[in-house]
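Just below is one structure, and these are the notes that go with it.
In what follows, chains are A, B, ... by sequence order, proteins preceding strands, each numbered from 1.
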Amino acid sequence: MRYWLMKSEPDAYSIDALAKDKVTAWTGVRNFQARNFMKEQMALGDQAFFYHSNCNPPGIVGIVEVAKLAYPDATQFDKKSDYFEPKATRDKPYWYHVDVKFLCKVPIVPLEELRKHKALANMRILQRGNRLSITPVDPREWAFITEKLIR
DNA sequence: GCCAACGTTGGC
DNA sequence: GCCAACGTTGGC
C-alpha cells in the first residue's frame, strides 16, 4: 500500500465538500504524470493527504482513501465540459481517475509547518516550482506527519 | 495581482 | 525532434 498527497482548491472542491459527499470521483486531472499515478500505481486502500492549494493558508486538511481503481474520466467526452478532450474516444480514453473516500478531517498542517521539518525536506510538495497535483508520499514522511504534526 | 516554474503545443 | 511561445499552477 502506498501513500499520496492530492491537491484540491477549496473553492473548487474542499475537504468539507468531501466530508459531506463521503466519496468523490477525482475527475479533471489533465496531467500525464498525475494520471499515471492514479492509473498505474494507486491501489484500493491507499491513503492520501487531502491538501488545500491556492488558498490561504495552503496545507493538509484531511485524510482520504482510494475507494475505486482508476477508470475513464467521463468529463473528457463531454463537449460542454471544460475538461473535454477532442482526441479521446470511448475505446481509447486519455484521462482516468480514481474515487476517493473521506476518512477524516484534520486540523490544518500548513505548508509553512511542513517546511520546518528536516524529515520532510524531500517531499515533492516542498520543492520549488512543484505543480503536480498528485504526488507520492514516502511512508516515513507519512508517519512523521500523522504522528508528529497531526493531533 | 504578480510572477517563477513548469507542461504542452505547434511551427519548422 | 528541437525549442519558442503560450497557458496554467500556486505560493506569496
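- In this structure, CG of A:D11 is placed 14 Å from C1' of C:dT9, rounded to the nearest angstrom.
- Taking atom CG of A:N56 as the reference point, atom C1' of C:dG11 lies 10 Å away to the nearest angstrom.
- In this model, the phosphate group of C:dT9 is not approached by any side-chain N or O of A:K7 to a distance below 4.0 Å at OP1 or OP2.
- Taking atom CZ on A:R124 and atom P on B:dC6, their separation rounds to 10 Å, with Å as the unit.
- Side-chain contact between A:I60 and A:L114 is present, with heavy atoms from C-beta onward closer than 4.5 Å.
- Distance alone, capped at 3.5 Å, is enough to place a donor-acceptor pair between the A:D46 side chain and the A:R2 backbone.
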task: For A:F32 and A:W95, run ring-ring contact (aromatic ring centres under 6.0 Å, His included): C-alpha distance rounded to whole Å, both residues' side-chain angles, the deciding distance at 0.1 Å, then the answer.
output: CA-CA 8 Å; A:F32 287 105; A:W95 303 112; 4.8 Å; yes

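- Of the candidates B:dT8, B:dG7, C:dG10, C:dG10 carries the atom nearest the A:E9 side chain, counting heavy atoms from C-beta on.
- Distance CG (A:L132) to P (B:dT8): 10 Å, rounded to an integer number of Å.
- The distance between atom CD1 of A:I60 and atom P of C:dG11, rounded to the nearest whole Å, is 12 Å.
- Distances shorter than 4.0 Å separate some side-chain N or O of A:R128 from OP1 or OP2 on B:dA5.
- Of all nucleotides listed (C:dC12, B:dG7, C:dG10), C:dC12 comes nearest to the side chain of A:R115.
- Two rings, from A:W4 and A:F50, have their centers 6.0 Å or more apart.
- Atom CG of A:N130 and atom P of B:dA4 are 18 Å apart (whole Å).
- With A:D73 as the partner, the salt bridge (charged side-chain N to carboxylate O under 4.0 Å, His left out) test is satisfied by one option alone out of A:K39, A:R90, A:R30, A:R35: A:R30.
- Between A:Y94 and B:dT8, a side-chain N or O to OP1/OP2 separation shorter than 4.0 Å is absent.
- The separation between A:L126 atom CG and B:dA4 atom C1' is 17 Å, rounded to whole Å.
- Regarding A:L111, its CG atom lies at a distance of 12 Å from the P atom of C:dG10, rounded to whole Å.
- Take the nearest nucleotide of DNA chain B for A:N54 and for A:Q33: the residue whose nucleotide is more 5' is A:N54.
- When each of B:dA5, B:dT9, C:dG11 is scored by its nearest atom to the side-chain atoms of A:R131, the top-ranked nucleotide is B:dA5.
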